[in-house]
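These notes concern the structure reproduced below.
Residue numbers start from 1 in every chain, and the chains themselves are labelled A, B, ... in the order their sequence lines are given, proteins ahead of strands. Scope of the values below: all heavy atoms of this structure, side chains included, with no hydrogens, waters or symmetry mates.
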Protein chains: 2
Amino acid sequence: MSTPVPEATVARLPIYLRSLRELAEMGVKTVSSNRLAELSGVNAAKVRKDLSYLGSYGVRGVGYEVRYLIFQTSRELGLTGDRGIVIAGAGHLGQALANYPGFAQKGCRICAMVDVDPEKVGSELGGVPVVGPDRVPEVMDQNPGAIVVVATPAAVAQEVVDRFVAAGAHSILNFAPVVLSVPEGVAVRQVDMALELQVLSFYAEQGERSASARRVQSVGS
Amino acid sequence: MSTPVPEATVARLPIYLRSLRELAEMGVKTVSSNRLAELSGVNAAKVRKDLSYLGSYGVRGVGYEVRYLIFQTSRELGLTGDRGIVIAGAGHLGQALANYPGFAQKGCRICAMVDVDPEKVGSELGGVPVVGPDRVPEVMDQNPGAIVVVATPAAVAQEVVDRFVAAGAHSILNFAPVVLSVPEGVAVRQVDMALELQVLSFYAEQGERSASARRVQSVGS
DNA sequence: TAGATTGTTAATCGATTAACAATC
DNA sequence: TAGATTGTTAATCGATTAACAATC
């Protein structure tokens, strides 16, 4: 049993991967932790520490081979093969996601959409079959390791998630503006623009306060 | 000078606020740190610590008055008055955001969109005027404390941000899949579904590994 | 008063990072 | 070899949380 990869490290691996792909694109063969850190907006020691969780893939005095590191990082993230995605909720957002071509590009395959609307169940939206909630266990069995994308109204998100977790879901991307409660071992990531805007509002207010303080200061001095 | 509010605390205030609004909606007058913690998916001690940065707004033996705490939290987040938003990039995403009715609901006012396309500049999209990049300083001056939402292609995001920062922007919500580099004192929040999916892929893979290990175990035993 | 709950201290925990021996 | 850079240790930092005196 190796050391578990810390959450903070897992969250940074996709950023490194993006930087590495850019380098590969540019024909760069080898990269130092320093350069990779710069491209990824982090500290070089952190890069080395993070990468050390994957193994010893660097060469002292030389750096990391870009293509090999891409391979190892992708492998660690489980980005080999194609990853199934099940969309819960076939409303506006769900349909927009189903039509989004970026998924296939990134090695993701949308297996199904789940909705309660009998008008939608049985049809296809954006080439993806829509099934009823009763078929959740079946969908999850047929697509082990699928990521569930929650695009339902907030009011029903928790019960929907409970159903998916009971059917074996381990990974959930939540667009509904609610805190989901899930058992140990289930990973949840949240995408919530309204929340982010409120956080930024705090700093915008702060920025304004110090900006006006500076204005007062310079007028006063 | 009071203690600065830690970043982690600022990021949680909008979650508390959402829980508090739900409680108010339900007619609840008073809430304990325990209940608020439960609703917000965090530890009760953390709630009390976080709220203590705003001031002493609780009553020992009783709890926090919901309406008053909503007021204080909103004030701390700068959610009083209306917050200006400038959208950089009038493409698909930018237009979708301009048409999103949720902004006005949350006390946000979209001041302008900025785009380089001469076809778009001078027009209105979703009721929002589109201006050229040369008018960025003017827009930021007229809307102090505005949040910049970056909805441009990744390739130009950094230069666009540089322009806005030079014009006095303090808060940036970035939808472009790039790491932005900004000076000290400028806040950036990132919304990136592809990144979140890759993080979840890691845990989906892990979940599958342990699930299949369990299957092997139970077959073997 | 007795019970409840805050606000805060201090312990704990985990993540970050400087520093440097190992080594290409 | 000399210079560069990794991998890892240990110090530092900040965030979390248990515990409890204060007090309604």
Which pairs count as ring-ring contact (aromatic ring centres under 6.0 Å, His included) when at least one residue sits in residues 38-81 of chain B, sequence neighbours excluded?
B:Tyr57-B:Tyr68

Nearest-0.5 Å distance that lies between atom CD in B:Gln198 and atom CD in A:Glu76
13.5 Å

Around atom CZ of B:Arg67, are there more than 12 heavy atoms of other residues, nucleotides or ligands at under 6.0 Å?
no

For residues 149-190 of chain A, which residue pairs qualify under ring-ring contact (aromatic ring centres under 6.0 Å, His included), counting only residues two or more places apart or in two chains?
none

Less than 4.5 Å apart, side chain to side chain, heavy atoms only: is that true for B:Leu54 and B:Leu13?
yes

For B:Phe202, enumerate each residue passing the ring pair (Phe, Tyr, Trp, His ring centres under 6.0 Å) test, keeping only those at least two apart in sequence or located in another chain.
none

Members of residues 67-77 of chain A that approach DNA chain C, where some heavy atom sits under 4.0 Å away:
none

DNA chain D contacts made by residues 200-207 of chain A, counting heavy atoms under 4.0 Å:
none

Any side-chain heavy atom of A:Ile172 sitting closer than 4.5 Å to one from A:Val150?
yes

Listed in order of residue number, which residues of residues 178-189 of chain A have a non-hydrogen atom at under 4.0 Å from DNA chain D?
none

B:Arg109: side chain to side chain donor-acceptor pair (under 3.5 Å) partners, not counting sequence neighbours:
B:Asp82, B:Asn143

Using a 3.5 Å limit on both pairing distances, list the dot-bracket string of DNA chain C from the 5' end; Watson-Crick and G-U wobble pairs count, crossing pairs take [ ], interstrand pairs take |.
..||||||||||||||||||||||

Would you check if A:Arg163 and A:Val114 make a side-chain contact, meaning some heavy-atom pair closer than 4.5 Å?
no

If only side-chain N and O atoms count, and only distance matters, is there a donor-acceptor pair under 3.5 Å linking A:Asp162 with A:Gln158?
yes

What residues form a side chain to side chain donor-acceptor pair (under 3.5 Å) with A:Glu196, not counting sequence neighbours?
B:Arg189

Just to verify, what does B:Pro101 make a side-chain contact (heavy atoms from CB on, under 4.5 Å) with, not counting sequence neighbours?
none

If we only count heavy atoms from C-beta on, is the B:Tyr203 to A:Glu7 side-chain gap below 4.5 Å?
yes

B/S/- contact track for nucleotides 4-12 of chain D, protein heavy atom under 4.0 Å:
BBBBBB---

How is A:Arg12 classified with respect to the nucleic acid when contacts are heavy atoms under 4.0 Å: base, sugar-phosphate, or nothing?
sugar-phosphate

Who are the side chain to side chain donor-acceptor pair (under 3.5 Å) partners of B:Ser74, not counting sequence neighbours?
none

A:Asp50 has an atom CG; how far is it from atom C1' of C:dG14, in whole Å?
14 Å

Worked verdict on B:Val148 versus B:Met140 for side chain to side chain contact (heavy atoms under 4.5 Å, CB included):
CA-CA 9 Å; B:Val148 179; B:Met140 291 309 290; 4.2 Å; yes

